[in-house]
Structures are given as structure tokens and as C-alpha cells.
**Q** 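I have a structure I would like to understand better, so I am pasting it below and will then ask my questions one at a time.
The sequence lines fix the lettering, A, B, ..., with proteins before strands; numbering per chain opens at 1.
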Number of protein chains: 2
Amino acid sequence: MSLRHALLGLVAYHPASGYDLMAIFRTSLAHVWPATQSQVYGELARLTDAELLAVTAQGPRGRKEFTITEAGRSELVRWVTDASVNGPHRNELLLHVFFLGVVDAGEARQYLARQAELATDRLELLRRLESSRSWDNEALGSYGRLALEHGLRLAAMERDWAEWAASQIGSAPTSSNGSSTTGPSGR
Amino acid sequence: MSLRHALLGLVAYHPASGYDLMAIFRTSLAHVWPATQSQVYGELARLTDAELLAVTAQGPRGRKEFTITEAGRSELVRWVTDASVNGPHRNELLLHVFFLGVVDAGEARQYLARQAELATDRLELLRRLESSRSWDNEALGSYGRLALEHGLRLAAMERDWAEWAASQIGSAPTSSNGSSTTGPSGR
DNA sequence: CATCACATGTAAAAGGTTACATGATTCT
DNA sequence: AGAATCATGTAACCTTTTACATGTGATG
């Protein structure tokens, strides 16, 4: 139930409306914790019901500004310092890799080379974001910088790994059903 | 809808029952694509309905052995070579990091130090798995090795990043101090 | 006065988790 | 005989995605 905590965290930094929060989910949090408008408005209502948030101002177009309550803040603090919180971690890239045996070595190598390119692009994008520094005068600034560095290191790691992985694949072709051959060079 | 493809991939390597497949989800795929028994049996039924899998043998306790069909195999090949497939990528660790500002610097540093320890433990676990080689005579062997290497590099990266991040805290309370000593390798 | 940005909501469907339920076979 | 393992399924609930639906206020 981390969307809840993402909302508490954002509102704790600064009171905001659902619309404001959506803008943050579309930008800063897009690659960390994606959420849809539908989800955000629903969860804000539930958080208000639970008295972890409160509506503290109304604006022009039915705008509601949410502020964190004391109960909300203590729940946030409890969650943020709990290192054991760690949901399951799905990786679609690795799922592909596991089953690369169904295609021949050439296609597998090509797939990995493409992943190396994509990681390079991500790295480039983050480097430009880092230079622009638009992120660091925002509310999430000082800690957002740490998250950005994580992204940079991850992209570099994936680029290097994908290049290495491509190089590991021998030219020994795999049969079309992959069940009998053990594949390329045994270690 | 990747559970579908995970099942197609596993059955393509070797015909299996739901029970057999669950054993793989609990071990090899646990950190790549978690799935519950409930999900697996349900999806196997749907895949059989869609004629991407077929029941090719019945065993002792109502056991049904599934085999991939031609249609199933071509769907799997299409998916596996499609580098554009990439679902949203949630990272609860980074979500914590974004909101570390709600606690004081000492607690934030402690949190990151704990994450460095946890990453070290994961690395150790994977190294032991690598030595044991139990994985490489299995169906997923040759490509599973590439996935394992990804895990090793990821764990090492997260350990280094968390140590670096912990060291960054406290040196500049509000403004950022831009330069990283141990940034990712450039090119 | 038209268009864009602001602003909030609901409904249906798909995907995922937890808990319950049942029974057969093998091993000690 | 009792326990562990093999084996499949269903029900309730929660989370996430996609699509629909509506209206206000500011700007050119």
C-alpha cells in the first residue's frame, strides 16, 4: 500500500491538491512510483476518511487543498524509517532474458544489444536532467538528488551488463524448441 | 500481462504441471516475477482456453501436464524478442528516499546504512548461489546465468550507492552539494 | 468566444494477494 | 496409521489501468 505513503510524503512536504499531486506523479515520480489520476483522487478520499490527511482550503474550481495531520505524519515517519518494507520486485527485462533460449543466438544477441542502447539512452536522459538542475529547487530536492544518482548508476550498470551479456552469447544456434540443446558455451 | 509469457516460457522449456511451475516461481523466478498458486492455476486454464497451451498428459492426483502449442510458441517468440515491452517500474526503496526529509539527518543516514547492509546480504546470497551451480543444470541454465550476473551487479551497485548516499547526508542540510566522488563510469 | 489549463470524480475490467477447501499418494 | 508431499481449485479482497464524464476559470 505504498501509493498511500507516497501521497502522505508529498503532502507532508507541502500542502497540495490532487491536481498538483498528479503533476508530480507525471514528472518526478514517474519512474519511481507511477500512479493514475483515478488512483490518486480515490486514495486522497480514503486518506481523508482515515484522518491522515485533512482538507484545509478550497480553491476556485472545486479545488481542495490537502494537509497532513499529526496521525498522518507519524504514519509517514513510521513507514519511511522502516527498512524492512520491500514489496515484490518484478523485472520484465530479466523475464525476457530467462526465455531467450527460444530464439537463436543471433536474435538473442541482438535483443541484448538493443537493451544496451536503451540503457545508454536512459543514462543520457538522466545526465541532462542532472545538468538542468530543475529538480533541485523543488520540494523533493535534496533527497531527490540521491534518487537521481541511483538512476544514473542503474542505467550505467544495465548498459554494461547488457553489453557483457551480448558478448557471452556464442554463435552456436539453438534449436527451434530449445528443449534438447543446452545452448551456448557451457560457462 | 507478463505472467502469461512467463508460463509460456517455462512450458516451452519443458512440459510441466501447475505444481511443477509453482516450484520454479518459488525459486528461480522468485525475484524476477513473483506469482501465487492462485494466479498460476487460473492463468494456465486461460492459456489452455486460448489454445496457447494444451493438456498432453494426466498423472496420479489429477495432475495435468501442459505442453506449449504452435500458437503458444509463436506468441512467446514475438514477446521475447520485443525490446519495447517494458512495464512500469516501481521502486519502493527510492520512494522512501524521496521522503527521507521528514526525519532528521541521523535517522536518514541510519536508514541508508541499513540498506547498504541489506544489499551486501543479497550480494552474498547470490554469490553463494553462483558457487553452488545448482541453477546451471536446470532448464533455465544458460540464460539464467546472465540473469544471475544482473542480480550480482545490481546488488553491488545498490550497496555502493547506499554507502555513498549515507555519506552525503549531513554535509549540506538544505542545499545540494552536486559533485559525486564515486559516480557511474562515463564513456 | 473559443481554447487551454485547472480541477474532480466514477465505472468497469484486469491483475495480484490472501485465505480457504479438498483430496490423493508416498514415505516412515 | 500419521505425516509430508503432491495436486488442483475457488472466493473475497485489494490495487492498478483504462475510459468516460463533467464543469470552471483564465487568456488571447
**Q** Could you encode protein contacts along nucleotides 19-28 of chain C as a string, one character per nucleotide from 5' to 3', using B for base contact, S for sugar-phosphate-only contact and - for no contact, with a heavy-atom cut-off of under 4.0 Å?
**A** ----BBB---
**Q** Could you work out, with salt bridge (charged side-chain N to carboxylate O under 4.0 Å, His left out) as the rule, every residue matching Arg122(A), not counting sequence neighbours?
**A**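 Salt bridge (charged side-chain N to carboxylate O under 4.0 Å, His left out) check on Arg122(A) returns Glu158(A).
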**Q** Under the rule for side chain to side chain donor-acceptor pair (under 3.5 Å), what residues qualify as partners of Thr120(A), not counting sequence neighbours?
**A**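 For Thr120(A) there are no side chain to side chain donor-acceptor pair (under 3.5 Å) partners, ignoring immediate neighbours.
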**Q** Quick one: Gln58(A) CD to dG23(D) P, roughly how many Å, whole number?
**A**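 Taking atom P of dG23(D) as the reference, CD of Gln58(A) is at 19 Å.
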**Q** With a 4.0 Å cut-off on heavy atoms, is Met1(A) in touch with a base, just the backbone sugar-phosphate, or nothing at all?
**A**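 Sugar-phosphate, no base atom in range.
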**Q** For Phe66(A) and dA7(C), give me the distance from atom CZ to atom C1', rounded to whole Å.
**A**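 Computing the Phe66(A):CZ to dA7(C):C1' distance gives 11 Å.
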**Q** Give every residue pair that meets the side-chain hydrogen bond (donor to acceptor under 3.5 Å, both in side chains) criterion with at least one member in residues 45-63 of chain B, sequence neighbours excluded.
**A**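 Counting only pairs at least two positions apart or across chains, the side-chain hydrogen bond (donor to acceptor under 3.5 Å, both in side chains) contacts touching residues 45-63 of chain B are Ser17(B)-Arg63(B), Asp20(B)-Arg63(B), Glu43(B)-Arg46(B), Thr56(B)-Thr67(B), Arg63(B)-Glu65(B).
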**Q** Grab the CE-C1' distance between Met22(A) and dG9(C) for me, whole Å please.
**A**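 Rounded to the whole Å, the gap is 13 Å.
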**Q** Nearest whole Å is fine: how far is dA7(D) P from Phe25(B) CZ?
**A**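 The answer, rounded to whole Å, is 17 Å.
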**Q** How many whole angstroms separate atom CZ of Arg4(A) from atom P of dT16(D)?
**A**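 Arg4(A) atom CZ is separated from dT16(D) atom P by 12 Å.
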**Q** dC13(D) C1' sits how many Å from Gln39(B) CD, rounded?
**A**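 Atom CD in Gln39(B) sits about 14 Å away from atom C1' in dC13(D).
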**Q** If I take atom NZ in residue Lys64(A) and atom C1' in nucleotide dG23(D), what distance separates them, rounded to the nearest angstrom?
**A**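 Value for this atom pair: 15 Å.
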**Q** Output the single nucleotide from dT8(D), dT8(C), dG16(C) whose closest atom is nearest the side chain of Leu3(B).
**A**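 Ranking dT8(D), dT8(C), dG16(C) by closest atom to the Leu3(B) side chain puts dG16(C) first.
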**Q** When you measure from the side chain of Tyr19(B), which nucleotide among dA7(D), dG16(C), dT8(C) comes out closest?
**A**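 Of the options given, the side chain of Tyr19(B) lies nearest dA7(D).
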**Q** According to a 4.5 Å side-chain heavy-atom criterion applied to Ile, Leu, Val, Met, Phe, Trp and Tyr, with indirect links allowed, do Leu125(A) and Leu93(A) form part of one hydrophobic cluster?
**A**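 Leu125(A) does not cluster with Leu93(A).
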**Q** If you check the Arg90(B) side chain, which of dT17(D), dT17(C), dT15(D) turns out closest?
**A**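 Nearest to the side chain of Arg90(B) among the choices is dT17(D).
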**Q** Distance check needed: dG15(C) P versus Glu92(A) CD, whole Å only.
**A**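 Computing the Glu92(A):CD to dG15(C):P distance gives 12 Å.
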**Q** Taking the hydrophobic residues Ile, Leu, Val, Met, Phe, Trp and Tyr, and joining any pair whose side-chain heavy atoms are under 4.5 Å apart, which ones share a cluster with Tyr41(B)?
**A**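 Grouped by the 4.5 Å side-chain rule, Tyr19(B) form the rest of the cluster around Tyr41(B).
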**Q** Tell me every residue that passes salt bridge (charged side-chain N to carboxylate O under 4.0 Å, His left out) with Glu117(A), counting only those two or more places apart in sequence or in another chain.
**A**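 Glu117(A) satisfies salt bridge (charged side-chain N to carboxylate O under 4.0 Å, His left out) with Arg114(A) only.
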**Q** Would you mind telling me which of Arg109(B), Gln115(B), Glu107(B) makes a side-chain hydrogen bond (donor to acceptor under 3.5 Å, both in side chains) with Tyr111(B)?
**A**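 It is Gln115(B), the one option of Arg109(B), Gln115(B), Glu107(B) that forms the side-chain hydrogen bond (donor to acceptor under 3.5 Å, both in side chains) with Tyr111(B).
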**Q** Would you please name every residue forming a side chain to side chain donor-acceptor pair (under 3.5 Å) with Arg153(B), sequence neighbours left out?
**A**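 By the side chain to side chain donor-acceptor pair (under 3.5 Å) rule, Arg153(B) matches Glu149(B).
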**Q** Considering only residues two or more places apart or on different chains, which pairs with a residue in residues 67-77 of chain A satisfy salt bridge (Lys or Arg N to Asp or Glu O under 4.0 Å)?
**A**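 Listed once each, the pairs are Glu75(A)-Arg78(A).
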**Q** Under 4.0 Å, heavy atom to any atom of DNA chain D: which of residues 40-52 of chain B qualify?
**A**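 Contacting residues: Tyr41(B).
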